[in-house]
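Working notes, beginning with the structure itself.
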Amino acid sequence: MLSTIIYRSCPEQGMDADSLNKIVAHSRHKNERVSVTGILLYDGTHFFQVLEGPVDAVNRVFDRISADARHYQIVEIMRDYAPSRRFGKLGMETVDLRDYPEENLLLALLQKSTINTQFGYDDRVLKFIKAFIAGRWRHTLVPQQQIVATRFITEEVTFKLADDASHQPCQFAMQPIIDAVDKQVVALEALIRSPQGGSPEAFFAALSGEQLYTTDLQSKRYAFELAKKIDLGRTSISVNLLPMSLITVPNAVEFLLDEIARYGLVPQQVIIEITESEMISRFDEFEIVIRRLKSAGLVLAIDDFGAGYAGLSLLARFQPDRIKIDRAIISNVHKSEARQAIVRAIIECCSSLEIEIIAEGVEQPEEWHWLDAVGIRYFQGFLFAKPQLNGVGKVTYPLESSMQ
């Protein structure tokens, strides 16, 4: 199977023509030995390379490139498959875009390729090449000076630690959601655990049908009880609910409101996270429940946005107060053009609708740097705080924010 990878990167400072030619000659020899071909474009500040060949070989070459210290900010633009090579006559060739008049560039590249000109103008690789030549991608770059040496500070929190609750039908672990600009905890997500502190999967494994939904809803009383025990104060608490729990369990909204009041909370500090992990089969009924939740003052969030069944439909129909971008999109966002494009589109959409965005599952400083630079303010993930059973652990804040 023939694989294609396109990536963009920055060469190390001070790279001259001789250094570039040596890199290309060395890479050409290595690539030819494993039947990998391609073309490398250089505009004076960035590389753009197309690699084509057997899947395993292309992956190994790209892994070697990713570990090469002579260039940085490596962003994967496309990973795809094709029936034939676009640059099959070459082990690898470099093209310095500065050596060609702009109006002749595309023709010069086509002459080096095997692209069928009758149909080739619709080829995605050619479109990416044309976009690189035009420089439209530059406005999406995070300036290198904003990617500073990461400095973080870890602080104790003021929340109390609750007593062991293994006698209950379930327990909860609290994980903070932080404001990286004001350096504060804005909410705690109550993550359900089994009576022994096991995973959500362990807790729900033996449940099905109506029992699953009833247990999902009724478990929230223990989350609200924990909020009171740790002295939540004015901080918000966020709880997850399966969409069908709100539909199939009678008087679900009234139950939530009663439990919220019982433990001294107010609806405005309770965030209901609707997870996308389940198909919503009765949308009209669900819409009625959402209206009741909002009318009662509860805050509505879409959890795992971008990874489930109906994220865009929920966004269009229910106008949540916030969304949480799923970790599958956040993971290695600094290395992926596709993830970056999706995040930017989400930011633009939510900015127009005045919806807050939380990036969840942030584990690497580089992820935070990129997300911070494009304007995301609220974060959740192991980089900042891990879930702690019956309490809240230490919280880590970034000392520098590129948006300040």
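Numbering starts at 1 and runs along the sequence shown.
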Hey, could you give me the [atom1]/[atom2] distance between [X] and [Y], rounded to the nearest 0.5 Å?
| X | Y | atom1 | atom2 | result |
| --- | --- | --- | --- | --- |
| Ile347 | Ser352 | CD1 | OG | 11.5 Å |
| Glu287 | Arg292 | CD | CZ | 13.5 Å |
| Asn31 | Ile65 | CG | CD1 | 7.0 Å |
| Arg98 | Leu105 | CZ | CG | 12.0 Å |
| Gln218 | Leu256 | CD | CG | 10.5 Å |
| Ile39 | Met92 | CD1 | CE | 10.0 Å |

Looking only at heavy atoms, which two atoms of [X] and [Y] are closest? And how far apart?
| X | Y | value |
| --- | --- | --- |
| Gly306 | Ile329 | CA-CD1, 3.9 Å |
| Glu12 | Tyr72 | CA-CE2, 4.2 Å |
| Pro169 | Pro195 | O-CG, 3.1 Å |
| Pro320 | Ile355 | O-CG1, 3.3 Å |
| Thr275 | Asp303 | CA-CB, 4.1 Å |
| Pro267 | Ala296 | CB-O, 3.3 Å |

Does [X] reach the main-chain N or O of [Y] with its side chain, forming a donor-acceptor pair under 3.5 Å?
| X | Y | result |
| --- | --- | --- |
| Asp304 | Asp326 | no |
| Lys335 | Ile74 | no |
| Glu367 | Glu363 | yes |
| Glu354 | Cys350 | no |
| Gln49 | Ile6 | no |
| Ser113 | Leu110 | yes |
| Ser219 | Asp216 | yes |
| Glu273 | Leu241 | no |
| Lys220 | Asn240 | yes |
| Asp179 | Asp182 | yes |

**Item:** Salt-bridge present (Arg262, Glu259; N to O < 4.0 Å)
**Value:**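 Judged by the 4.0 Å cut-off on N to carboxylate O distance, Arg262 and Glu259 do form a salt bridge.
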Close side-chain approach of [X] to [Y], heavy-atom, < 4.5 Å:
| X | Y | result |
| --- | --- | --- |
| Tyr397 | Phe379 | no |
| Ile274 | Leu242 | no |
| Glu360 | Ile330 | no |
| Val333 | Val343 | yes |
| Arg377 | Ile357 | no |
| Ile346 | Ile323 | yes |
| Leu109 | Leu41 | yes |
| Lys386 | Lys394 | no |

**Item:** Phe318-Phe286 aromatic ring centre distance below 6.0 Å
**Value:**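 Aromatic pair counts; centres sit under 6.0 Å.
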**Request:** For the pair Gln364 and Asn332, evaluate side chain to side chain donor-acceptor pair (under 3.5 Å) and give the outcome as yes or no after the intermediate values.
**Result:** CA-CA 8 Å; Gln364 303 178 64; Asn332 287 320; 2.8 Å; yes
**Request:** Identify which one of Tyr42, Trp137, Phe132 satisfies the ring-ring contact (aromatic ring centres under 6.0 Å, His included) criterion when paired with Phe48.
**Result:**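 Single ring-ring contact (aromatic ring centres under 6.0 Å, His included) partner of Phe48 among Tyr42, Trp137, Phe132: Phe132.
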Would you check if there is a donor-acceptor pair between the side chains of [Y] and [X] at a distance under 3.5 Å?
| X | Y | result |
| --- | --- | --- |
| Ser336 | Glu76 | no |
| Thr4 | Arg86 | yes |
| Arg79 | Asn59 | yes |
| Thr45 | Arg138 | yes |
| Ser66 | Asp68 | no |

**Asked** side-chain contact (heavy atoms from CB on, under 4.5 Å) between Leu2 and Tyr81: does it pass, once the steps are laid out?
**Response** CA-CA 6 Å; Leu2 188 68; Tyr81 305 91; over 6 Å; no
**Request:** Please report the C-alpha distance between Lys229 and Glu225 in whole Å, then the side-chain angles of each, then the deciding distance to 0.1 Å, and finally whether the salt bridge (charged side-chain N to carboxylate O under 4.0 Å, His left out) criterion is met.
**Result:** CA-CA 6 Å; Lys229 288 179 179 178; Glu225 182 180 10; 3.6 Å; yes
**Prompt:** Sequence neighbours excluded, which residues qualify as side-chain hydrogen bond (donor to acceptor under 3.5 Å, both in side chains) partners of Asp258?
**Reply:**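 Expected list: none.
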Looking at residues at least two apart in the chain, or sitting in another chain, which of them share a side-chain contact (heavy atoms from CB on, under 4.5 Å) with [X]?
| X | value |
| --- | --- |
| Glu348 | none |
| Pro200 | Ile192, Arg193 |
| Glu32 | Arg28 |

**Message:** For His71 and Tyr7, take the angle between the two ring planes, folded into 0 to 90°, and tell me which bin it lands in: parallel under 30, tilted 30 to 60, perpendicular over 60.
**Reply:**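 Ring orientation of His71 relative to Tyr7: perpendicular.
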**Request:** Run the numbers on Glu337 and Met78 for side-chain contact (heavy atoms from CB on, under 4.5 Å), then give the verdict.
**Result:** CA-CA 8 Å; Glu337 183 90 347; Met78 187 190 84; over 6 Å; no
**Asked** Does the side-chain contact (heavy atoms from CB on, under 4.5 Å) test come out yes or no for Phe152 and Trp368, once each step is laid out?
**Response** CA-CA 11 Å; Phe152 291 90; Trp368 167 75; 4.2 Å; yes
**Item:** Arg317 vs Asp284, salt bridge (charged side-chain N to carboxylate O under 4.0 Å, His left out): CA-CA, chis, key distance, verdict
**Value:** CA-CA 11 Å; Arg317 293 185 67 165; Asp284 290 342; 3.7 Å; yes
Report all side-chain donor-acceptor pairs from residues 157-164 shorter than 3.5 Å, counting only partners two or more places apart or in another chain.
unit_1, atom_1, unit_2, atom_2, d
Asp164, OD2, Ser166, N, 3.3
Asp164, OD2, Ser166, OG, 2.7

**Message:** Under the side chain to side chain donor-acceptor pair (under 3.5 Å) definition, can you give me all pairs with a residue in residues 201-210, not counting sequence neighbours?
**Reply:**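 Non-adjacent pairs meeting side chain to side chain donor-acceptor pair (under 3.5 Å): Ser199-Glu201.
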**Asked** Please walk me through it: do Val239 and Glu189 pass side-chain contact (heavy atoms from CB on, under 4.5 Å)?
**Response** CA-CA 6 Å; Val239 295; Glu189 182 176 2; over 6 Å; no
